[in-house]
Amino acid sequence: DTEVTQTPKHLVMGMTNKKSLKCEQHMGHRAMYWYKQKAKKPPELMFVYSYEKLSINESVPSRFSPECPNSSLLNLHLHALQPEDSALYLCASSQEVGGVSSYEQYFGPGTRLTVT
Amino acid sequence: AQSVAQPEDQVNVAEGNPLTVKCTYSVSGNPYLFWYVQYPNRGLQFLLKYITGDNLVKGSYGFEAEFNKSQTSFHLKKPSALVSDSALYFCAVPVENTDKLIFGTGTRLQVFP
């Protein structure tokens with residue numbers, strides 16, 4: 001299984017809502033990533049988890065809260081978002097961190113988030 | 001600082017013709033370079049990488065890339081384009097001593113029948 005799955009595919013939420021994005025992989029990968037992608041732009045790294053521990057936080061606002069319950073799952077909890085947070089949120093995984101294989105990342109299809 | 005540049009926002013090519021998507025890089029030390037593709041409404045897919053060794057790197061779906069140190073380029077090529085190759089292509093380089101990838105601005109490839 002070389003697939004990264006993400007749910008939901010689409011999410012519309014108000015600025016006062018709390019929601020969560022989910023990501024799952026069963027490739028035995030030990031590194032997982034959250035990216036944000038605006039239309040026609042490259043992905044921007046938000047968070048990196050290595051062996052279920054947060055290793056990189058790219059100065060992301062606290063209204064985004066990542067969680068890695070186990071080595072296969074990655075969540076992104078959303079609270080009090082702003083309309084400018086509307087974007088495609090991509091999850092990715094790689095075999096490990098700290099080596100060349102960390103740059104060969106498997107991406108999920110993304111969750112398209114709209115904040116109203 | 002490590003960076004990559006993709007000088008073309010869009011490349012148009014007729015089906016069956018060769019295609020080139022350009023990427024230039026600026027890195028300190030020996031570069032690791034990557035190409036990813038993003039099909040409509042999908043996540044990114046890894047295509048190929050250059051780490052060391054042969055300057056011509058072969059990847060998925062018949063794509064290859066040529067590493068040119070003197071021109072600091074890593075152009076993506078395919079001998080015969082397919083309509084299904086139409087997608088957004090990103091070159092990428094790691095930030096030194098981190099697990100972070102920096103992506104170029106992307107080039108939209110449009111292959112016409």
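For the numbers below, each heavy atom of this structure counts, side chains included, while hydrogens, waters and symmetry mates do not. Chain A is the first sequence line, chain B the second, and so forth, proteins listed ahead of strands; every chain is numbered from 1.
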So what's closer than 4.5 Å to chain A heavy atoms on Ile51(B): side chain, backbone, both or neither? side chain
Quick one: list whatever passes salt bridge (Lys or Arg N to Asp or Glu O under 4.0 Å) with Asp99(B), sequence neighbours left out. none
Sort Glu58(A) into side chain, backbone, both or neither according to what part of it lies under 4.5 angstrom from a heavy atom of chain B. side chain
Mind checking what makes ring pair (Phe, Tyr, Trp, His ring centres under 6.0 Å) contact with Phe107(A), not counting sequence neighbours? Tyr35(A), Tyr36(B)
Give, as side chain, backbone, both or neither, the part of Gln37(A) having an atom under 4.5 angstrom from any heavy atom of chain B. side chain
Using the rule that two of Ile, Leu, Val, Met, Phe, Trp, Tyr join whenever any of their side-chain heavy atoms come within less than 4.5 Å, decide whether Phe64(A) and Leu54(A) are in one cluster. yes
Kindly check if the number of other-residue, nucleotide or ligand heavy atoms within 6.0 Å of CD (Glu67(A)) is above 12? yes
Is it the case that more than 12 heavy atoms not belonging to Lys38(A) sit under 6.0 Å from its NZ atom? yes
Quick one: does Pro109(A)'s side chain get under 4.5 Å of Asn41(B)'s, heavy atoms only? no
Whatever's closer than 4.5 Å to a heavy atom in chain A on Lys100(B) counts as both
Do you reckon Tyr51(A) sits in the same ILVMFWY cluster as Met32(A), going by side-chain contacts under 4.5 Å, direct or chained? no
Is there a chain of hydrophobic side chains (I, L, V, M, F, W, Y, each step under 4.5 Å between heavy atoms) that links Tyr103(A) to Val27(B)? no
Using only non-hydrogen atoms and a strict under-4.5 angstrom cutoff, which residues of residues 101-113 of chain B touch chain A? Leu101(B), Phe103(B), Gly104(B), Thr105(B)
Looking at Ser102(A), Ala31(A), Gly110(A), Pro43(A), which makes the most heavy-atom pairs under 4.5 Å with chain B? Pro43(A)
Top of Leu44(B), Leu88(B), Thr98(B), Asp9(B) for chain A proximity - count of heavy-atom pairs under 4.5 angstrom: Leu44(B)
Sequence neighbours excluded, the answer for ring pair (Phe, Tyr, Trp, His ring centres under 6.0 Å) partners of His29(A) is Tyr106(A)
For the residue pair Arg42(B) and Leu90(A), establish whether any side-chain heavy-atom pair is separated by less than 4.5 Å. no
Write down the atom of Tyr32(B), the atom of Val100(A), and the distance for their closest heavy-atom approach. CE1-CG2, 3.5 Å
